[in-house]
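Inspection log for the structure reproduced underneath, given as structure tokens.
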Amino acid sequence: MIAQTLLHEPSLLILDEPTAGLDPRQRVAVRETLKGMRPATSTIISTHMLEDVADLADHVLVLDGGSIVFAGSPDDLANLRGLPGDPNPLPCCVALAAILAAALVGGLLGTTNARGLEPVVAVVAILALIYGVRLAGGRTLIDIGGVSVVLIGVRHRSVVTLWQMAFYLSLIGTLSLALTSSWTRSKARMVLAIGATALVGLSLVVAVPVRFEGSPNQWVCDPATPRVCVSAEDANRLAEYAPAVRRIAKVAPLVGLETHAEYRQTVGITSGPGSFSLDPALSMHQLTFDFVQFSVPCSGQWGTAQLDDADMVADWLRAELSLPMSVLGQERGRPSVEDARAALDRLECSP
Amino acid sequence: MQKSPGGPPVASFESVSFAYGSRKVLDSLTLAMPPGITALLGPNGAGKTTVLRLLATVRRPDSGSVVVLGSSTAEHDLDSVRSALGYLPQDAQWPGRLTVAQFMQLMCWLRKVDQTPTRIDRTLSDWPTSGDGGLASYPVVNTER
């Protein structure tokens, strides 16, 4: 069916889910065929297969509800981590500075006796946190009535939890200051001071390392980093795709093929039935795969393994490629990813 | 990732709207597809297939313009642009009881191209099969791509 589209050597190929229903070897063959037709023939494919995107596409368009919610390269998509709608980095930096300053002032006022002002400052601090951090973009931390608090590049759940606790502490302090009678105000000020100071500190902790570690998570205020700007709402939807594309890229080193070009030519990979799971701590959907399938053309065989599961990879290598247990390091106990990689390196492909 | 070739877009939409009956699928969609390989992603019902149908000139937009390979699909004569397109629909129904080779001959005839076995063999040569005798002798099955 795909072949009939190539008979007349067209200038533009339009393929609606071309790799659906194909086995891994056939998917590799289709992808190689399409790649071989560049640059004379341009191709537009629709697909749910993210490995097609990672391996094949020069450009990606993500449609949702009849609108384009993302346009960019596969790398841009893979690196996407919930980016903001504001394309100008300056307001992001200003917003972040305002958030930290407001929280700091709120915290300082909480420790003084500047009566009458602290509820106002505290409310401003909290609102600045909600809207400003959302403007700065990133992962959703708290969602109150459709208003989301999101933070950039948070990877450790414990930090997220601490941040959330500090946020609620500040909120409680603010409400107490605004609503309660004077005899509880000293306690409320203390709560607000602790919460706001913790927010400032944690915001610095979670924000700064992301920027200086050179993490693939993009720092939206860094003008040196190429960015793709979409609305915050769209970013959350797109975040469903980004982890999957990143995980696929991880498979190449897993099977001992370091470069993308080698991987593309010699190993076919496809995902098993995908599933969406909800991470309640992050209020974000993640796309995960139940399994992946590997194809090693030099042996003409392919198999199935859990992603990131060295035991399954090793089992598959042993069963499908008849590799002896010793090659996989069985005598040392649990086979590792390195064992599997080394075993694949020793495979000789006869033409 | 290979560097994508530059140049003018191979296809573009300008404020394209399209509805199946009362169900609006695309609303004033504007996009450009550069040369190279472009992947369309999105959940089911996002409008991917509709975009491809409009590009393949199978459907016409309710409003707005679709330009494919420099030609507007609103033009009366679509033969020239269609002859430069290869289109694989998602839900194609194909004639039964044909081998792959016979089916390819049929498509050559429909496409008005040379029906020699060489051309067909060349097109099929890279396709991996699990049995002897080559792909050309296989029957065409509607569920296979």
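Quick note on labels: first sequence line is chain A, next is B, and so on, each numbered from 1. Atoms considered below: every heavy atom in the structure, side chains included; atoms not considered: hydrogens, waters and symmetry mates.
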How long is the span from the CG atom in A:Leu61 to the CG atom in B:Leu29, to the nearest 0.5 Å?
-> 9.0 Å
Validation row: A:Ile44, B:Leu52 side chains within 4.5 angstrom (heavy atoms) = yes
Which heavy atom of B:Ala84 sits nearest a heavy atom of A:Pro10, and at what distance?
-> O-CB, 3.4 Å
For the residue pair A:Ser11 and B:Leu69, establish whether any side-chain heavy-atom pair is separated by less than 4.5 Å.
-> yes
Among the options B:Asp27, B:Val68, B:Thr49, pick out the one with the most heavy-atom pairs lying under 4.5 Å from chain A.
-> B:Thr49
Residue pair B:Leu41 / A:Val60, side-chain heavy-atom distance below 4.5 Å | yes
Given side chains that start at C-beta, do those of A:Leu63 and B:Val51 come closer than 4.5 Å, heavy atoms only?
-> yes
Using a 4.5 Å cut-off on heavy atoms from C-beta on, say whether the side chain of B:Thr38 contacts that of A:Asp58.
-> no
Quick one: OH on B:Tyr87 to CG on A:Leu12, what's the gap to the nearest 0.5 Å?
-> 12.0 Å
Heavy-atom distance under 4.5 Å between the side chains of B:Ile37 and A:His59, does that happen here?
-> no
Correct closest heavy-atom pair for A:Ser42 and B:Pro35 would be OG-CA, 3.4 Å
So, the part of B:Val81 with a heavy atom under 4.5 Å from chain A: the answer is neither
Give, as side chain, backbone, both or neither, the part of B:Leu55 having an atom under 4.5 angstrom from any heavy atom of chain A.
-> both
Which atom of A:Val53 lies closest to which atom of B:Ala39, heavy atoms considered = CG2-CB, 4.0 Å
When rounded to the nearest 0.5 angstrom, what is the spacing between CG in A:Asp16 and NZ in B:Lys48?
-> 8.0 Å
